[in-house]
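Report on one structure; see the data block that follows.
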There are 2 protein chains.
Amino acid sequence: MPTMDTKTALLNSAEHAARTLGFDGFSYADLAEDVGIRKASIHHHFPSKAKLSVALMQRYHQNFEANCAAISGNHGTGGTQLSQLIKLYRAASGNGKQLCLCVSFSASRDSLPPGVIEQISMFREMVIAWLTDFFEKGSMDGSISNVADPALEAVATLSLLEGAQLAARSEENPRFFDEAVKLLGMRITA
Amino acid sequence: MPTMDTKTALLNSAEHAARTLGFDGFSYADLAEDVGIRKASIHHHFPSKAKLSVALMQRYHQNFEANCAAISGNHGTGGTQLSQLIKLYRAASGNGKQLCLCVSFSASRDSLPPGVIEQISMFREMVIAWLTDFFEKGSMDGSISNVADPALEAVATLSLLEGAQLAARSEENPRFFDEAVKLLGMRITA
DNA sequence: TACGACCTACCTACTGATAGGTAGGTTTAA
DNA sequence: TTAAACCTACCTATCAGTAGGTAGGTCGTA
């Protein structure tokens with residue numbers, strides 16, 4: 001098994017910590033212990049915690065967008081695409097052990113640099129764009145019922161998904177996510 | 001104007017700080033400065049930050065429940081009651097400057113004592129019960145359209161409201177809350 | 001009434017731990 | 001050799017909290 005480069009290991013560790021404990025809830029000491037280098041060495045890769053948050057959000061955005069593009073490319077109807085995106089959010093909640101980075105950062109947004117607030121904003125816009133696309137497709141191909149306005153559906157769905165993650169995280173139980181999105185799921189007919 | 005007792009002033013200050021910055025984002029020093037006593041004196045009223053969080057959640061639950069009961073008592077149709085509750089959540093987001101305590105605490109739940117996690121769970125159950133009541137009324141009196149299952153509607157709506165707060169908080173703009181709940185609003189006919 | 005005991009609510013001084021970070025040096029791999 | 005990546009040693013600042021004390025108020029009893 002190839003050894004991961006330290007910077008990536010740090011990003012993985014930091015993402016996991018941020019999504020589990022929040023931005024204010026983890027420290028460089030946690031990352032150092034996890035990755036196996038000294039706390040002070042982290043500054044070589046990330047000169048400040050703020051800079052680390054920038055890199056985290058950037059990477060998260062890219063990965064998530066790639067996942068959405070994959071869903072769009074691999075699944076035929078708007079309904080299945082929406083269903084896959086719901087699954088993506090469910091998976092991101094890590095069985096109630098984590099939140100997606102966007103949610104986690106939003107709750108402590110005052111601790112973050114302005115650039116990251118911008119990134120969070122763009123992340124939400126990106127997800128809403130994909131959701132709007134899926135709702136439009138689903139409305140036209142009939143795989144999502146009662147689509148009044150795809151753009152408004154998209155915005156509401158994103159809030160629903162984020163709120164569902166919060167509930168699951170609070171209870172450390174994915175069943176709370178499932179219950180929150182059940183009605184939405186019933187509107188989807190593959 | 002009567003002088004507020006110190007304990008209440010501390011609770012107010014702590015609630016504001018927790019809902020703005022998160023549990024890990026504020027410290028006793030912030031409260032001390034706000035209330036005008038020394039940091040160490042806070043321990044007289046709240047021996048630990050964990051105990052403070054217990055008191056905060058208890059008070060928040062009581063206040064919120066009283067607000068829901070008032071809505072139920074003062075407004076006639078299920079639709080207007082639901083509409084008022086949505087307004088309550090919007091108001092709690094403080095024009096994008098705050099989150100409701102439940103959301104704020106959920107995001108850093110690992111920093112909280114187990115009892116508070118229980119309290120958060122009960123808070124959500126309480127809100128869901130009220131929402132279920134409002135949806136049932138709205139379904140029967142015709143003031144909320146397309147109510148498939150009041151209990152599921154309630155759960156989804158709570159997640160929607162919490163997610164909407166996150167979006168508004170992240171952007172520091174209540175317009176994002178409004179947009180997220182727009183479709184729900186359209187289902188209400190006074 | 002007066003005084004002692006007790007309480008409440010604050011203080012100063014301090015603790016040990018931890019936070020993010022700096023600076024200079026060493027090690028490792030290409 | 002050189003640069004990246006690590007190290008040690010340390011910094012300032014801050015954290016939640018402890019310990020002992022003061023001051024003013026209240027209560028009970030003689």
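Being a predicted model, the structure only gives us computed values, none of them experimental. Here is the naming used below: chain letters follow the sequence lines, and residue numbers restart at 1 for every chain.
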message: Using the rule that Ile, Leu, Val, Met, Phe, Trp and Tyr join whenever any side-chain heavy atoms are under 4.5 Å apart, tell me whether L158(B) and L101(B) fall into a single cluster.
response: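 Yes, L158(B) connects to L101(B) through the hydrophobic network.
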- request: Consider only side-chain heavy atoms of I, L, V, M, F, W and Y, link residues closer than 4.5 Å, and tell whether L152(B) and F135(B) are in one cluster.
  value: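 No, no single cluster joins them.
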- prompt: Heavy atom of residues 36-57 of chain B under 4.0 Å from DNA chain D: which residues?
  reply: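 K39(B), A40(B), H43(B), S48(B), K49(B), in order of number.
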- prompt: Does anything in residues 7-33 of chain A reach DNA chain D, meaning a heavy atom under 4.0 Å, and if so which residues?
  reply: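 DNA chain D contact set from residues 7-33 of chain A: none.
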- request: Decide ring-ring contact (aromatic ring centres under 6.0 Å, His included) for F123(A) and F105(A); before the verdict, give the C-alpha distance in whole Å, the side-chain angles of both, and the deciding distance to 0.1 Å.
  value: CA-CA 12 Å; F123(A) 180 85; F105(A) 274 3; over 10 Å; no
Atom pairs under 3.5 Å: protein N/O with N/O of nucleotides 20-22 of chain D:
none

- request: Supply the members, apart from L166(B), of the Ile/Leu/Val/Met/Phe/Trp/Tyr cluster built from side-chain contacts under 4.5 Å; use none for a lone residue.
  value: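 L99(A), V103(A), L166(A), L99(B), V103(B), all in the cluster of L166(B).
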Do [X] and [Y] sit within salt-bridge range, that is, some charged N less than 4.0 Å from a carboxylate O?
| X | Y | result |
| --- | --- | --- |
| R187(A) | E153(A) | yes |
| R109(B) | E172(A) | yes |
| E171(B) | R124(A) | no |

task: Answer yes if the side chains of S72(A) and K137(A) hold a donor-acceptor pair under 3.5 Å, and no otherwise.
output: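 Distance-only check passes for S72(A) and K137(A).
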message: Side chains of Q165(A) and S93(A): any donor to acceptor distance under 3.5 Å?
response: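 Short answer, no.
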message: Quick one: does any side-chain atom of R169(A) pair with a main-chain N or O of K97(A) as donor and acceptor, under 3.5 Å?
response: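 Side chain of R169(A) to backbone of K97(A): a pair is present.
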message: Under the rule for side chain to side chain donor-acceptor pair (under 3.5 Å), what residues qualify as partners of D141(B), not counting sequence neighbours?
response: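 Scan of D141(B) (side chain to side chain donor-acceptor pair (under 3.5 Å), adjacent residues dropped) gives S143(B).
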query: Does the ring center of H16(B) lie less than 6.0 Å from the ring center of F26(B)?
result: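 Between H16(B) and F26(B), the centre distance exceeds or equals 6.0 Å.
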Atom pairs, protein N/O to nucleotides 25-29 of chain C N/O, distance under 3.5 Å:
none

